[in-house]
Trainee: 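Handing you this structure, nothing more for now.
Read the numbers this way: they start at 1 and go in the same order the structure lists the ligands and their atoms. All of these numbers come straight from a predicted model, not from anything done at the bench.
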Amino acid sequence: MDPLNRGRVESWLRYSEGLGPYYRNRDTSPSSPPPLPANTAPTKELQTAAPKRVPAPAPAPPALRVAPSLSPSVAIKPAAPAPSLFEIVDRVADDTLERIREDIGDCTRCRLHKGRTKIVFGVGNPKAELMFVGEGPGRDEDIQGEPFVGRAGKLLTQMIEAMGLRREDVYIANVVKCRPPENRLPEKDEIAICSPFLTRQIDVIRPKVICCLGSCSAQTLLATTQGISRFRGEWFDFRGAKLIPTYHPAYLLRNPAAKSDVWKDLQKVMAHLGLQPKRR
Ligand code: SF4
């Protein structure tokens, strides 16, 4: 299998773990940590967090016996068979943003659903060459259902326009789709449950450049625990795209002096995409 499809299948399998028994491949329950997707290796070595061992699945409950006296009409139906690898590959190859949104549904997979107003899926050009990834919705985003629409969002829009683009030219999404309470950072388990949706969005959009906004986004996609200041502005390979981490616009609102660093990072993106800065 080629590396792109392998990465997609692995992403789908991780995602499908949260979907229920129909999608679980019981024969492949890992007894050791799953391998990282082959095409997520950063070009620069990062000290990665030790992958968590996936707990062994709970033993299957004893098979239910149907009493001989019961009529066949009340016999217990066998579980739906797990999809074959080919079915999984087909489904991954046919993935769309609409299907991902459908799969999210009225999601209650993690605790963040309790405090949300709207799921914030993502917005922008589905064929964007440039994708921005933040950490999670804030108050304004939660109300409007769109990422980066508050003060930090306005600054991001200005940054995009300074690059010679319009907001609708790029795609903007977050690691988690529901607002963490009190605007705290998403927690590890919330990220683990929700981030496969982001991975699928990236695989569908296939941007040339992914710009991670802030440490949560960069640490999630690069699977590292290092602080963003250690690797901000450097290029990494991620699922066929070039990935560059930079500071979150909310951080720039608190630390305007860091804007020059971010502008340097964005200039690297512009050079990679052949963009001309907007004339002032
Ligand atoms: S954050 Fe993601 S996984 Fe959690 S409830 Fe929202 S959509 Fe579902």
Side-chain angles (χ1 to χ4, degrees), residues 7-25 34 37 40 49 51-52 54-55 57 88 91-92 95-124 126 131-150 152-153 156 171-205 207 210 212-223 225 238-239 248-250:
R8 288 172 165 179
V9 169
E10 287 171 351
S11 165
W12 180 263
L13 288 172
R14 280 197 301 280
Y15 161 71
S16 67
E17 283 295 310
L19 290 183
Y22 176 81
Y23 288 97
R24 277 188 207 123
N25 187 339
T40 58
K52 277 192 174 175
V54 177
I88 293 171
R91 179 159 185 152
V92 170
D95 212 1
T96 62
L97 294 177
E98 291 74 23
R99 177 178 276 174
I100 300 167
R101 183 62 190 89
E102 270 174 33
D103 286 347
I104 292 176
D106 192 19
C107 187
T108 57
R109 291 175 179 85
C110 84
R111 69 181 76 81
L112 292 182
H113 80 277
K114 293 178 187 166
R116 74 159 179 252
T117 307
K118 287 185 178 171
I119 288 176
V120 181
F121 178 68
V123 72
M131 182 167 176
F132 288 94
V133 178
E135 59 202 32
R139 186 175 62 90
D140 296 309
E141 291 78 13
D142 175 63
I143 293 168
Q144 296 186 40
E146 184 174 330
F148 285 93
V149 291
L156 175 62
Y171 197 88
I172 308 171
N174 283 311
V175 171
V176 294
K177 311 301 185 199
C178 301
R179 181 193 182 196
E182 312 300 330
N183 287 349
R184 66 160 169 77
L185 284 172
E187 293 181 358
K188 277 185 186 169
D189 60 329
E190 296 156 356
I191 291 172
I193 295 169
C194 200
S195 61
F197 294 121
L198 171 66
T199 311
R200 287 175 63 191
Q201 287 173 295
I202 292 170
D203 283 350
V204 167
I205 296 166
I210 299 167
C212 288
L213 300 170
S215 60
C216 173
S217 155
Q219 288 174 344
T220 299
L221 294 188
L222 295 174
T225 55
F238 185 81
R239 304 181 82 80
H248 195 285

Trainee: Do you know how many protein N, O or S atoms are within a distance smaller than 2.8 Å of atom 4 (Fe) of ligand 1?
Mentor: 1
Trainee: The test is side-chain contact (heavy atoms from CB on, under 4.5 Å); show your working for Tyr171 and Val204 and say whether it passes.
Mentor: CA-CA 11 Å; Tyr171 197 88; Val204 167; over 6 Å; no
Trainee: Taking Gln201 for the side chain and Ile100 for the main chain, is one N or O donor matched with an acceptor at less than 3.5 Å?
Mentor: no
Trainee: Is it the case that atom CZ in Arg139 sees more than 12 heavy atoms from other parts of the structure closer than 6.0 Å?
Mentor: no
Trainee: Closer than 3.5 angstrom, by distance alone: can the side chain of Glu141 be matched with the main-chain N or O of Gly150 as a donor-acceptor pair?
Mentor: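 Judged by distance alone, yes, a pair lies under 3.5 Å.
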Trainee: Glu190 pairs by salt bridge (Lys or Arg N to Asp or Glu O under 4.0 Å) with which of Lys177, Lys114, Arg184?
Mentor: Arg184
Trainee: For Arg101, give me all partners under salt bridge (Lys or Arg N to Asp or Glu O under 4.0 Å), at least two apart in sequence or on another chain.
Mentor: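 Arg101 satisfies salt bridge (Lys or Arg N to Asp or Glu O under 4.0 Å) with no other residue.
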